[in-house]
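Everything on this sheet refers to the single structure shown next.
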Amino acid sequence: MITLGSRSFAGPFLAPLWSPPKEAAVYAVMAPGWRLLTFRALDFDHAAELSLNGLRQHPKYAEWLRIVGTEWNLYIATHELSFSTDAQRAAVVKGLGREYRPEFKPLNTPEPSLRTLLLAQAMRNNKG
């Protein structure tokens, strides 16, 4: 169980081994954090019925894989909303985006170099 925003989610589950519930739900696409057993949400979405194939056919799936490197670094957490409408699930996703602010950014721009990323991290850590 993990809490994202103000909602409790089941998981996170490793995507290739995930057995999705056949329910309407909101889901979080997650990446492992820097410390052991920590995770960060990349994105939120919803579906009337969850499935691994549905996840793999998501328009952002390739970008999520580019961020995490491999499907074996991709995790899924679910918040079931049985008997919910598409509009209700979309409203929950929108609210989670405001509360949690997931880190997913479309990769339309060139990726920064490793040196740039390390410099930015060092600058953030030295704000103290």
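Quick note: numbers below take in every heavy atom, side chains included, and nothing from hydrogens, waters or symmetry partners.
With contacts defined as side-chain heavy-atom distances shorter than 4.5 Å, the pair Leu50/Glu23 does not qualify. Here the side chains of Leu42 and Ile67 are in contact, with some heavy-atom distance below 4.5 Å. The shortest side-chain heavy-atom distance between Trp72 and Leu17 falls under the 4.5 Å cut-off. Met30 has its side chain out of reach of Ile76: every pair of non-hydrogen atoms, C-beta onward, lies at least 4.5 Å apart. Looking at Leu4 and Phe44, their side chains come closer than 4.5 Å, going by heavy atoms from C-beta outward.
The minimum heavy-atom distance between Arg89 and Ala24, with the atom names listed, is NH1-CB, 3.6 Å. Of all the heavy atoms in Pro20 and Leu52, the pair that sits closest is CG-N, 3.9 Å. When every heavy atom of Pro32 is checked against every heavy atom of Arg40, the shortest pair comes out as O-NE, 4.1 Å. The heavy-atom pair separating Pro21 from Trp18 by the smallest distance is CD-NE1, 4.5 Å.
Once rounded to the nearest 0.5 Å, the distance linking OG of Ser51 with CD of Gln57 reads 7.0 Å. Separation of atoms CG (Leu55) and CG (Leu74) is listed at 6.5 Å; rounding is to 0.5 Å. The distance from atom CZ of Phe9 to atom OG1 of Thr3, rounded to the nearest 0.5 Å, is 9.5 Å. The CG atom of Leu96 sits 11.0 Å away from the CG atom of Asp43 when rounded to the nearest 0.5 Å.
Checked options His46, Gln88, His79; the residue passing with Val93 is His46 (criterion: side-chain contact (heavy atoms from CB on, under 4.5 Å)).
Judged by distance alone, the side chains of Tyr61 and Glu71 do bring a donor and an acceptor atom under 3.5 Å apart.
Of the possible donor and acceptor atoms, one in the side chain of Asn73 sits under 3.5 Å from a partner among the backbone N and O of Val68.
Taking the six-membered ring where tryptophan is involved, the planes of Tyr27 and His58 are perpendicular, since the angle between them exceeds 60° and thus also 30°.
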>> If you apply the rule side-chain contact (heavy atoms from CB on, under 4.5 Å), what do you find for Val26 with Asp45, and how did you get there?
In response: CA-CA 6 Å; Val26 168; Asp45 207 346; over 6 Å; no
